[in-house]
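Working notes, beginning with the structure itself.
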Amino acid sequence: MFPNLKFDGEEIVFLTEVNSYNAYTSQEIYAEEMNGSLINDAVYTRNLEVEEQFDVKIAEEKLSNATSIASSAILAGDDVYDVVMPYLNSSIKNALQGLYIDLNTVDYLELENPWWDQRANEYLTFGGKLYFTTGDISILDNECTMVLFFNKKLATEYDLEDPYALVKSGEWTLDRLFAMSSEMLLDLNGDGEIKSEDDQFGLFAATNVPHSMFFGAGERITDTAEDGSLELVMYNERSSELVPYIIENCLHDNVMDDRDFFRSASAFMEGRVLFAGWALTDINSIRDSKFDFGILPYPKYNKEQTEYYSFISTGLVPGLSIPITNDEPEKAGLICEAMAYYSVDTLTAAYYDNALNTRYIRDAESGDMLDIIFASRAYDIGYIYDVGGLGMMIENMFGQKNTNFSSRYAGLKQSANAALAELQEEIEASAGE
């Protein structure tokens with residue numbers, strides 16, 4: 001499958017991110033030795049396979065603020081990093097400065113292979129170029145995918161429809177979610193007040209839940225026009241009804257409005273919340289619950305919507321890029337291709353099949369849901385770049401309890417169009433046009 005090449009023990013150096021929240025620190029590129037941890041040992045095994053096959057040494061510098069470190073090194077002409085993996089939302093700045101190589105041009109990097117995320121390849125392309133992508137070589141793209149957790153015990157006690165069956169039949173919609181949630185509000189301690197620390201709710205809506213619902217409904221901020229340029233598509237007849245509907249329902253009394261993650265996790269662990277919208281990584285905070293819970297994709301807007309979309313919070317997702325200072329990009333391309341390929345049966349298996357399915361999730365159906373979720377991830381350059389403030393607009397509206405989408409969009413449209421025009425100019429410049 002791979003060419004019979006040897007590189008005399010050369011180092012292939014990756015720059016990766018370290019984060020104050022360990023859940024978002026890179027674990028997927030380097031492991032010094034086997035230590036009994038599923039992910040660590042999978043990475044070690046994969047790397048050993050690649051190193052022995054090509055006679056290379058995989059090395060890593062794990063640093064905070066990898067975007068600016070990469071930028072400084074590249075602008076200085078320093079070729080210390082063969083591959084850089086900053087978080088996408090910041091890394092786009094480097095791409096627009098022309099600091100990364102178009103991955104489509106890198107020999108041995110076969111991006112159409114299934115171990116690369118095809119949604120990422122499609123939606124992260126701009127100006128006809130792809131400067132960063134992800135796939136089986138990474139797990140943070142999985143960890144940062146937005147999902148809904150649900151309390152199976154409450155669903156059974158209230159004789160609710162089976163959410164798994166609804167997902168599989170294509171009938172898992174926002175209407176179904178909000179209808180189920182509406183049945184759950186309960187003053188558990190009978191004090192006449194509904195409080196997040198005491199009572200029962202149908203839904204916990206973190207600040208990013210409404211815009212996760214927006215993307216889950218198949219809407220986007222920007223899309224690629226026929227000529228390859230980006231265009232604003234956020235406001236249309238469908239979205240003008242969708243956004244107020246989402247925010248109004250997320251502000252309902254049956255929705256827990258406490259924005260503190262740890263209090264919300266405690267409420268879920270105590271069995272007082274039916275649905276909770278978090279990133280998949282947050283399963284680590286509830287995995288010891290005394291009741292069974294499941295995982296669901298975000299609902300469709302309606303049954304007419306043909307597929308599910310799972311929003312990925314790209315602010316903490318690394319994108320794989322090759323710096324323009326790398327004078328042998330084909331070598332980096334080959335090693336990345338091999339690492340992604342061997343990750344399928346090592347890193348992905350450890351994360352997905354073992355760590356999730358057997359340690360945290362307690363039913364086979366949730367594994368089926370993960371298949372749907374991981375195959376339906378939604379990326380959006382408009383969100384990543386936060387064009388004209390539109391990337392955070394729905395989240396801000398929710399925080400301000402503002403349901404007037406038309407007015408808020410109208411107020412930002414001019415600046416968004418100006419920002420998009422500027423972005424387009426930068427895209428064309430980075431593409432050498």
Side-chain angles (χ1 to χ4, degrees), residues 2 5-70 72-73 78-87 91 108-109 115 132-144 280-281 283-284 316-323 325-326 328 331-356 358-360:
F2 296 109
L5 296 175
K6 302 290 183 180
F7 298 108
D8 300 323
E10 289 185 31
E11 276 195 337
I12 306 297
V13 182
F14 288 74
L15 172 65
T16 65
E17 290 271 10
V18 64
N19 191 283
S20 57
Y21 294 98
N22 286 334
Y24 302 111
T25 292
S26 174
Q27 308 173 57
E28 56 259 272
I29 296 303
Y30 178 76
E32 185 173 358
E33 60 185 3
M34 300 276 276
N35 66 9
S37 164
L38 280 171
I39 299 299
N40 177 88
D41 291 358
V43 169
Y44 183 87
T45 300
R46 177 204 64 196
N47 288 1
L48 186 62
E49 180 78 29
V50 175
E51 289 175 340
E52 290 180 348
Q53 183 167 351
F54 299 105
D55 191 15
V56 295
K57 179 64 178 174
I58 295 169
E60 175 188 56
E61 281 198 32
K62 190 182 295 185
L63 302 168
S64 60
N65 203 7
T67 296
S68 63
I69 291 169
S72 297
D78 190 344
D79 65 351
V80 64
Y81 303 119
D82 297 285
V83 181
V84 297
M85 297 181 67
Y87 296 138
S91 191
Y108 304 122
L109 201 56
W115 39 89
F132 31 56
T133 194
T134 186
D136 284 276
I137 198 171
S138 177
I139 58 173
L140 274 172
D141 54 335
N142 296 341
E143 295 282 75
C144 293
L280 187 53
T281 186
I283 198 172
N284 294 299
L316 294 168
V317 173
L320 183 146
S321 301
I322 298 179
T325 46
N326 187 334
E328 295 182 289
K331 185 189 303 178
L334 177 59
I335 300 306
C336 289
E337 181 73 15
M339 289 174 69
Y341 169 75
Y342 287 117
S343 290
V344 174
D345 292 328
T346 54
L347 179 60
T348 298
Y351 176 82
Y352 190 110
D353 297 330
N354 298 327
L356 283 176
T358 64
R359 286 195 166 188
Y360 306 156

Minimum-distance pair of heavy atoms, taken over all atoms of Asp136 and Ser343: O-CB, 3.2 Å

Ile29/Met339 under side-chain contact (heavy atoms from CB on, under 4.5 Å): CA gap, chis, key distance, verdict: CA-CA 9 Å; Ile29 296 303; Met339 289 174 69; 4.2 Å; yes

Partner residues of Tyr44 under the ring-ring contact (aromatic ring centres under 6.0 Å, His included) criterion, sequence neighbours left out: none

Minimum heavy-atom distance between Met85 and Glu17, given as atom pair plus value: O-CG, 3.8 Å

Straight-line distance of Glu60 CD to Phe14 CZ, nearest 0.5 Å: 9.0 Å

Polar contact flag, side-chain donor to acceptor under 3.5 angstrom, Asn19-Thr25: no

Gap separating the OG atom of Ser26 from the CG atom of Leu15, nearest 0.5 angstrom: 9.5 Å

Thr346 OG1 to Leu48 CG distance, which is reported to the nearest 0.5 Å: 11.5 Å

pair Cys144-Thr281: side-chain heavy atoms closer than 4.5 Å: no

Tyr81 vs Glu61, side chain to side chain donor-acceptor pair (under 3.5 Å): CA-CA, chis, key distance, verdict: CA-CA 9 Å; Tyr81 303 119; Glu61 281 198 32; 3.1 Å; yes

For the student: nearest non-hydrogen atoms of Gly135 and Asp141, plus distance: O-OD2, 3.7 Å

Ser72 side-chain N/O to Ile69 backbone N/O, donor-acceptor pair under 3.5 Å: no

From CA spacing to verdict: side-chain contact (heavy atoms from CB on, under 4.5 Å), Leu320, Ile137: CA-CA 9 Å; Leu320 183 146; Ile137 198 171; 3.8 Å; yes

From CD1 (Ile335) to CG (Asn47), nearest 0.5 Å: 10.0 Å

Closest approach of Val43 to Ala31 (non-hydrogen atoms, all atoms of both residues): CG1-N, 3.8 Å

Short side-chain donor-acceptor distance under 3.5 Å, Glu28 and Ser138: yes

Parallel, tilted or perpendicular: ring planes of Tyr341 versus Phe2, cut at 30 and 60 degrees: perpendicular

Pair Ser321-Val83, side-chain contact (heavy atoms from CB on, under 4.5 Å): steps then yes or no: CA-CA 6 Å; Ser321 301; Val83 181; over 6 Å; no

Residue pair Phe54 / Lys331, side-chain heavy-atom distance below 4.5 Å: no

Leu109 to Gly333 - nearest heavy-atom pair and separation: CD1-O, 3.6 Å

Heavy-atom check, side chain of Asp79 versus side chain of Asn326, under 4.5 Å: no

Interatomic spacing from CD1 in Ile12 to NZ in Lys57 - rounded to 0.5 Å: 12.0 Å

Trace of the side-chain contact (heavy atoms from CB on, under 4.5 Å) decision for Phe7 with Leu334: CA-CA 11 Å; Phe7 298 108; Leu334 177 59; 4.0 Å; yes

Heavy-atom closest pair, residues Pro323 and Val84: CG-CG1, 3.9 Å

Leu347 side, atom CG; Asp41 side, atom CG - distance, nearest 0.5 Å: 11.5 Å

Distance-only donor-acceptor check, side chains Glu143 and Tyr351, under 3.5 Å: yes

